[in-house]
K.L.:
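One structure coming up, written as structure tokens, with questions to follow.
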Amino acid sequence: MDSFDLSLLAPEITGAHAQFPGALEACADLGALNRLKGAYTGREGSFSAQLMERLKAAPKDQKRELGVVINALKSEWESALKARQAQLEAARKAGGSASSAWDATLPPPIPPAGALHPLNRLMARLVEVFRPLGYHVEEGPEVETEEHNFDGLNIPEDHSARGTADTFYLAGHAHLLLRTHTSPVQVRVLKRLAPELEKKGGIRFLAPGRVYRKDEIDPTHSPMFHQVEGMLVGKGIGMHHLKGTLAYAMKALFGEGADVRFRPSYFPFVEPGCEMDVRCPLCSGAGCRVCKGSGWVEILGAGLIHPNVLRFAGIDPAIWSGFAFGMGVERTAMMVSQTPDLRLFFENDQRFLKLMGGLD
Ligand code: PHE
């Protein structure tokens with residue numbers, strides 16, 4: 001087959017040469033071809049390199065004859081490799097393997113679609129749960145005044161939450177801060193709607209948004225997180241209205257089997273105040289890291305609006321009463337989706353987001 005005499009070469013070289021056509025044919029892509037190229041014609045350790053060593057070491061009178069054979073062999077390999085490379089490159093450009101052809105009847109690839117983040121989806125769901133109950137959506141700024149974040153909420157001058165250890169104040173703006181909860185929206189909405197309260201017959205709103213606290217990042221804390229504030233103002237409103245509303249909302253959110261409990265608690269802007277826990281879905285109440293062994297997870301603070309909050313906004317607490325609640329969105333999302341670490345919501349790992357069903 002060969003027009004030159006291979007008997008001058010070592011048997012491993014002649015063996016390699018015999019295998020070359022088959023090995024070349026077996027290269028299905030450019031990666032495989034590059035590996036073969038390395039083995040036959042690479043600078044170091046290749047069969048070509050071995051041949052050059054052999055040529056160098058050959059006795060003077062053999063050099064000429066041997067050189068002819070070696071050059072012929074090398075150029076045969078090189079030109080065959082080049083031809084195969086052109087073939088594979090053409091196949092890749094055509095969008096398939098060497099053997100596949102363009103098929104115009106195939107459906108087009110579906111472009112990847114974006115989706116709402118799981119936290120935004122949960123907030124949107126909460127809005128939908130409360131909308132049929134007559135709640136509309138309110139928003140407030142994330143950079144707030146002390147007046148809205150603390151004063152209007154009956155939070156005393158010496159309350160620890162006002163300190164720089166807990167709250168981000170804006171450098172150079174003594175009374176501006178990053179809101180530490182969504183409750184300042186209560187103050188804004190009450191002040192705005194106070195004049196029309198009689199005409200409207202009451203107030204009902206939900207206020208989702210970001211809040212900020214100087215917390216260290218861990219599986220259940222982040223210096224930025226989300227809350228959904230809820231508020232209702234009417235006449236003769238009591239704790240039973242609050243409990244009925246929240247029990248309804250939790251069933252809508254977690255399913256009919258949702259287990260909740262209320263514990264007395266204290267917030268300066270409500271009286272009486274309470275916290276609501278849900279049975280930990282991660283461990284079904286047996287106790288785990290997320291519920292810190294208790295079987296319950298606190299997801300919101302609530303209570304009846306303190307008369308001072310109404311008064312501050314210009315509303316007469318002798319006529320009007322109401323309730324308010326502030327729900328932790330990450331906490332709730334962790335419970336709904338059984339996610340054990342809040343940080344997953346902020347890392348934007350596509351695998352997690354896909355798992356949450358937001359992307360496909
Ligand atoms: N603002 C409170 C918090 O951030 C929650 C709350 C809202 C409590 C409304 C009572 C009423 O913890």
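Atom set for the values below is all heavy atoms of this structure, side chains included, hydrogens, waters and symmetry mates excluded. Just follow the structure's listing: the first ligand is 1, and inside any ligand the first atom is 1.
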K.L.:
Using modelled atom types and a 3.5 Å cut-off, is there a donor and acceptor pairing between side-chain atoms of Glu229 and backbone atoms of Ala207?
P.N.:
no
K.L.:
Judged by modelled atom types alone, do His221 and Asp218 share a side-chain donor-acceptor pair under 3.5 Å?
P.N.:
yes
K.L.:
Against Phe130, only a single residue in Phe205, Tyr248, Phe325 fulfils ring pair (Phe, Tyr, Trp, His ring centres under 6.0 Å); can you say which?
P.N.:
Phe325
K.L.:
Any atoms of ligand 1 less than 4.0 Å from a non-hydrogen atom of Gln227? List them with their elements.
P.N.:
3 (C), 4 (O)
K.L.:
To check your reading of the model: name the closest protein heavy atom to atom 12 (O) of ligand 1, its residue, and the distance in Å.
P.N.:
Phe267 CE2, 3.7 Å
K.L.:
Within the 4.0 Å heavy-atom shell around Gln186, which atoms of ligand 1 are there?
P.N.:
9 (C)
K.L.:
Identify, for atom 7 (C) of ligand 1, the protein heavy atom at the shortest distance, and state residue, atom and that distance.
P.N.:
Gly326 N, 3.2 Å
K.L.:
Indicate, as side chain, backbone, both or neither, the part of Ala302 found under 4.0 angstrom from ligand 1 when only non-hydrogen atoms are considered.
P.N.:
backbone
K.L.:
With a 4.0 Å heavy-atom cut-off (strictly under), which part of Arg213 contacts ligand 1: side chain, backbone, both or neither?
P.N.:
side chain
K.L.:
Answer with yes or no whether the side chains of His306 and Glu271 bring together a donor and an acceptor at under 3.5 Å.
P.N.:
no
K.L.:
Check each atom of ligand 1 against the heavy atoms of Ser183 and keep those under 4.0 Å away; list them by number with element.
P.N.:
1 (N), 7 (C)
K.L.:
Counting only N and O atoms by type, is there a donor-acceptor contact under 3.5 Å from the side chain of His159 to the main-chain atoms of Pro156?
P.N.:
no
K.L.:
Could you identify the single nearest non-hydrogen protein atom to atom 2 (C) of ligand 1 and state the distance to 0.1 Å?
P.N.:
Phe269 CZ, 3.8 Å
K.L.:
Under 6.0 Å between ring centres: does that hold for Phe345 and His226?
P.N.:
no
K.L.:
Which residue and atom name correspond to the protein heavy atom nearest atom 6 (C) of ligand 1, and how close is it?
P.N.:
Gly301 O, 3.5 Å
K.L.:
Please check: side-chain N/O of Ser265 versus main-chain N/O of Gly273, any donor-acceptor pairing under 3.5 Å?
P.N.:
no
K.L.:
Of all the atoms in ligand 1, which lie at a distance below 4.0 Å from a heavy atom belonging to Glu229?
P.N.:
7 (C), 9 (C)
K.L.:
If the contact criterion is a heavy-atom separation under 4.0 Å, does Met231 count as touching ligand 1?
P.N.:
no
K.L.:
Between the side chain of Arg279 and the main-chain N/O of Asp259, is any donor-acceptor distance below 3.5 Å?
P.N.:
no
